[in-house]
Amino acid sequence: MIRRLALLAAFTGVLLSCSGEQRDYLQIHKSAIVADMHSDTPLRMKRGFDIAARSNDGQMDLPRLVEGGTDLQVFACYVSTGTPKEECRPKVDELIDTLTAQIARNSDRIGICLTAAEAESLVAEGKVASFIGIENGVAIAGDLANLEHFYNRGVRYLTLTHTASSDWCISSADTAPAFGGLTDFGREVVHKMNELGMIIDISHASVEAVDEVLKLTTSPVIASHSCVHAICPHDRNLTDEQIKAVAANGGVIGINYFSGYISADYSRMMDSLFEAQEPLYDSLRELYKDNDSLWRLKKAELWDGIMAELDKIEVNVGHVVDHIDHIVRLVGADYVGLGSDFDGVFAMPKGLEDCTGVPLITKELMARGYSEDDIRKILGGNFMRVFRQVCDRRIS
Ligand SMILES: [Zn+2]
């Protein structure tokens, strides 16, 4: 315990002998269950990334999770919407295989949790609890038997859709939806997930889809990695009305740290740079269509130019906590948590460049006068409540 606290203190650049305020935030952070509701690290693992060793690459690994005090990490296994149906299940199975093999190799430091009670046991043993999620409902290839298959493999949440609509759930990014929020099959998925004891994740879903899910579900839902639309009006973020509806359902919203969802200025600049660069991108692609290595070089140059402009806009931990504040003011402290999107996005706020920065959220919450109780709920208590309510009942 002291060793882990010292590591945490060393990383965050403060000594345990520092002022009372600094000591308090680290103590609260360390003793709370800190749950991150969304990372995309399994895709990196499939490309050969080993979570066991500390790395400067990517946004998380096991040593950095420990340093940042994360107790429960959701590892989302992602499959893209364009994947042919017959390839969806094998692709997700492969991600789960890779993830579980890495966890098995490091069983002295991390273990899989299927229930909130199991997560608490792992944390009590000083291990990170690993929660398996799937990002994008296309994974089940339109067959409820696949949903059950993934449940039996230990998957405990499914993000219903992604940045493009599937044939049964409309995405928030879809400007010309082919149907309302869900099809009949989509509604069957909701019922089946309720029956299995699997958490429904509404991040990425359209307003109509979220509405339908909330009307149908008999269990609390999560938005595993979404922010506040009133602060940053991006389609991925939740309106005040949606936040109130999630609270009425007893669910929880994990705040995504991606600068493009946190800061309206960043989001606007990102959109206008992408739009402005599009003709140049297209012409260069045409010009270098027979020279892949040169095209890759040009693409990297374009990207560096975009990032150099975006880096001029400061986004910091305070901006992340503004989203938490907004939800707390709107519906109270019981419905918000953390959903980093680590290893899934390209720009993180200053201080949150990787998972070792998470204690800075606790520091900022304390500086804003949050009670210890509310801080514990936000860091992980709220997610643990939903996890227990949805997933523990079947086994207990
Ligand atoms: Zn996502």
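Residue numbers count from 1 along this sequence. All ligand and atom numbering here is 1-based and tracks the order in the structure.
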Would you say the Zn ion (ligand 1) has H225 as a near neighbour, meaning an N/O/S atom of that residue under 2.8 Å away?
yes
May I ask you to check if any N/O/S atom from E135 comes under 2.8 Å of the Zn ion (ligand 1)?
yes
Does the side chain to side chain donor-acceptor pair (under 3.5 Å) test come out yes or no for N237 and H323, once each step is laid out?
CA-CA 10 Å; N237 291 342; H323 287 253; 5.4 Å; no
Give me the ring orientation class for F383 and F131: parallel if the planes are under 30° apart, tilted from 30 to 60°, perpendicular past 60°.
perpendicular
Presence of N, O or S from H204 under 2.8 Å of the Zn ion (ligand 1)
yes
Hey, are H149 and D93 close enough side-chain-wise for a donor-acceptor pair under 3.5 Å?
yes
Going by the side-chain contact (heavy atoms from CB on, under 4.5 Å) test, name the single residue among R236, M37, E135, H162 that passes it with S203.
R236
